[in-house]
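Down below is the structure, laid out as structure tokens.
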Amino acid sequence: MTLKVALLGCGNVGSQVARILLDEQAELAARIGATLELTGIAVRNVDAPREGDLPRELFTTDAEGLIDGADVVIELMGGLEPAGTLIKRSLNRGASVVTGNKALLAAQLPDLTAAAHTGGAQLLYEAAVAGAIPILRPIRESLAGDHITKVLGIVNGTTNFILDAMDTHGSQFEDVLAEAQRLGYAEADPTADVAGHDAAAKAALLASLAFHTTFDLENVYCEGITEISADDVAAAADAGMVVKLLAIAEKTTDSSGAEGINVRVHPTLLSRQHPLAAVRGAFNAVFVEAENAGELMFYGQGAGGAPTASAVMGDVVSIARDVAAGGGAAKEAQPRPTRALDIAESTTRYSISLEVADQTGVLAEIAGIFSRHGVSIETMRQTVGSEAHDGAARLRIITHAGRESALTATVTEIEQLPVVKTVSSVVRVEGK
Ligand SMILES: NC(=O)c1ccc[n+]([C@@H]2O[C@H](COP(=O)([O-])OP(=O)(O)OC[C@H]3O[C@@H](n4cnc5c(N)ncnc54)[C@H](O)[C@@H]3O)[C@@H](O)[C@H]2O)c1
Ligand SMILES: N[C@@H](CCO)C(=O)O
Ligand code: NA
């Protein structure tokens with residue numbers, strides 16, 4: 001049996017998938033029990049210079065013609081269109097699809113899933129979240145009999161690469177971003193990485209699978225790393241901490257006790273002892289907490305052509321084995337509706353840096369505001385002198401856990417105090 005495989009896109013990931021399909025054809029056939037024939041690669045320009053030695057006759061600009069003869073379609077063009085239309089067309093006519101396009105999946109998961117049901121086809125996307133790390137299949141299959149309560153992780157390689165270089169070498173944001181682009185980690189428009197949108201899309205997908213629902217991307221709170229300064233990174237290091245961009249999805253309760261799901265992406269301070277603090281470069285790691293399994297951690301390469309191609313090929317082999325065995329892969333139950341909780345209802349800790357007048361009574365005034373909002377201070381560190389300006393004192397306050405709404409109200413009130421010159425940064429803190 002031979003399965004026709006159409007590949008859409010030949011960039012960082014697509015070119016690596018093509019290489020594996022061609023170089024490993026015999027080994028893959030032995031594992032699957034059917035041969036995978038790469039019938040063509042849809043590109044924008046057939047004559048564009050490319051690395052590697054992929055046969056030129058495989059390239060075509062006719063993506064629609066290519067998918068119409070395929071059993072399996074691999075979409076690695078990225079972007080919402082024409083990727084969305086091509087994927088739906090493939091699924092509707094019964095061809096299974098593998099994609100790494102988290103932006104599209106997070107925006108259109110219900111429509112894409114409906115197309116897969118209509119065509120009796122599969123839609124798999126392990127590459128879309130945390131690159132090479134097997135995380136969606138374990139959530140979807142291995143933990144299907146458990147209750148996941150929280151997912152927390154570093155899911156964007158580019159921003160982790162940037163924050164790590166700022167922490168380790170004191171590098172400049174722009175220089176490291178250019179390096180991440182050169183290494184094939186960044187999105188075509190790297191704003192998606194640094195503004196947190198890529199991590200937010202992944203967080204929505206993780207929440208949807210972990211909580212058996214469809215979590216709307218619009219309900220993901222999203223803050224990127226563009227406001228994180230070299231000062232923030234150095235101050236974190238001073239305090240024995242590190243800044244990481246975290247995606248957090250958790251089942252929780254609001255102030256009235258009603259249950260819901262909160263999903264958020266933001267820069268976060270972690271103690272250097274925290275396991276996620278040791279995740280360096282473009283690596284990713286995802287913590288999963290489940291009622292019966294307890295804590296699980298998944299770690300590996302979160303970006304890059306070859307690592308991501310590994311996840312794509314895992315999905316392709318899984319689909320091909322199913323087709324070779326006559327089809328009928330198990331269907332998941334319909335997602336159930338859920339209540340999205342606003343970030344204001346989440347429980348977190350704040351690290352607040354501020355400059356205040358160096359005079360008697362200031363600390364008591366500030367402590368009074370915390371106390372009125374029911375927010376408890378864990379540590380308060382004051383520096384007077386070279387680090388602070390104009391005879392001002394610099395304060396760094398780390399709170400105990402509190403409701404985000406109480407923490408923001410505290411900061412707003414502190415900003416209005418005449419003795420406070422400026423609140424220079426507010427970063428959330430995770431872990432003990
Ligand atoms: N690079 C990674 O580390 C990584 C990891 C996980 C997921 N992804 C996802 O995989 C997808 C591809 O990523 P990439 O890094 O390979 O991107 P890329 O920009 O390197 O490659 C995309 C390729 O698709 C081609 N393309 C775009 N529109 C096209 C069209 N209309 N017709 C034909 N060709 C078209 C582009 O010319 C380009 O060569 C994206 O959805 C991305 O989010 C990437
Ligand atoms: N741009 C993404 C690619 C992997 O999804 C990242 O940096 O993590
Ligand atoms: Na993955």
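Nothing here was measured: the structure is a model prediction, and the numbers come from that model. Atoms within each ligand, like the ligands themselves, are counted from 1 in listed order.
Not a single heavy atom of Gly131 sits under 4.0 Å from any atom of ligand 2.
Counting backbone and side-chain atoms alike, Ile133 contributes an N/O/S atom closer than 3.0 Å to the Na ion (ligand 3). At a cut-off of 3.0 Å, Gly131 coordinates the Na ion (ligand 3) through an N, O or S atom. At a cut-off of 3.0 Å, Val129 coordinates the Na ion (ligand 3) through an N, O or S atom.
Which parts of ligand 2 touch Asp193 is read off a 4.0 Å heavy-atom cut-off, strictly below it: atoms 1 (N), 2 (C), 6 (C), 7 (O). Every atom of ligand 1 with a heavy atom of Lys102 under 4.0 Å away is listed here by number and element: 6 (C), 7 (C), 8 (N), 9 (C), 42 (C), 43 (O). Annotation for ligand 1: atoms under 4.0 Å from non-hydrogen atoms of Gly9 are 24 (O). Those atoms of ligand 2 with a heavy atom of Glu187 less than 4.0 angstrom away are 1 (N), 2 (C), 3 (C). For ligand 2, the atoms sitting less than 4.0 Å from at least one non-hydrogen atom of Tyr185 are 1 (N), 2 (C), 3 (C), 6 (C), 7 (O), numbered in the order shown with element in parentheses. Within ligand 1, counting atoms from 1 as listed, the ones closer than 4.0 Å to a heavy atom of Ala303 are 3 (O). Proximity to Ala186 (heavy-atom distance under 4.0 Å) selects the following atoms of ligand 2: 1 (N). Interface of Gly184 with ligand 1, defined as ligand atoms under 4.0 Å from a residue heavy atom, comprises 1 (N), 2 (C), 3 (O).
In terms of protein heavy-atom proximity, atom 42 (C) of ligand 1 is nearest to Glu187 OE1, 3.5 Å. The nearest heavy-atom contact from the protein to atom 32 (N) of ligand 1 is Met77 SD, 3.5 Å. For atom 13 (O) of ligand 1, the nearest non-hydrogen atom of the protein is Val13 CG2, 4.0 Å. The protein heavy atom nearest to atom 4 (C) of ligand 2 is Gly302 O, 3.3 Å. Of all protein heavy atoms, the one lying nearest to atom 5 (O) of ligand 2 is Lys102 NZ, 2.5 Å. The protein heavy-atom contact nearest to atom 3 (O) of ligand 1 is Gly304 N, 2.6 Å. The shortest contact between atom 9 (C) of ligand 1 and any protein heavy atom is with Gly100 O, 3.3 Å. With respect to atom 7 (O) of ligand 2, the closest heavy atom belonging to the protein is Thr158 OG1, 2.6 Å. Scanning the protein for heavy atoms near atom 8 (O) of ligand 2, the closest one is Gly157 N, 2.6 Å. Scanning the protein for heavy atoms near atom 37 (O) of ligand 1, the closest one is Arg44 NH1, 3.5 Å.
Within the 4.0 Å heavy-atom criterion, the part of Thr308 lying near ligand 1 is the side chain and not the backbone. With a 4.0 Å heavy-atom cut-off, ligand 2 is reached by no atom of Ala128. Residue-level proximity to ligand 2 for Asp198 is carried by the side chain, the only part with a heavy atom below 4.0 angstrom. When non-hydrogen atoms are compared, ligand 1 lies under 4.0 Å from the side chain of Pro82 (C-beta onward) but not from its backbone. Looking at Ala127 against ligand 1, only its backbone comes within 4.0 Å, counting heavy atoms.
When the options Ala132, Gly78, Gly11 are ranked by their closest heavy atom to atom 18 (P) of ligand 1, first place goes to Gly11. Taking each of Leu7, Leu76, Leu183, Val17 in turn, the one with a heavy atom nearest to atom 10 (O) of ligand 1 proves to be Leu76.
The one candidate from Arg349, Met380, Arg381 that meets the side chain to side chain contact (heavy atoms under 4.5 Å, CB included) condition with Ile398 is Arg349. Between Tyr350 and the options Val429, Ile397, Val411, a side chain to side chain contact (heavy atoms under 4.5 Å, CB included) holds for only Val411. When Glu250, Glu404, Glu223 are each tested for a side chain to side chain donor-acceptor pair (under 3.5 Å) with Arg264, only one passes: Glu250.
Judged by distance alone, the side chains of Ser425 and Asp232 do bring a donor and an acceptor atom under 3.5 Å apart. Side-chain atoms of Ser256 and Asp254 include a donor-acceptor pair closer than 3.5 Å. Checked by atom type, the side-chain pair Ser424/Arg394 shows no donor-acceptor distance below 3.5 Å. Checked by atom type, the side-chain pair Thr149/His147 shows no donor-acceptor distance below 3.5 Å.
Using the six-membered ring where Trp is involved, Tyr299 and Phe283 have ring planes that are parallel, under 30° apart on the 30 and 60° scheme.
Under the 6.0 Å distance and 45° angle rule, Arg140 counts as a cation-pi partner of Tyr125.
At a threshold of 4.5 Å between non-hydrogen side-chain atoms, the residues His274 and Thr268 do not count as touching.
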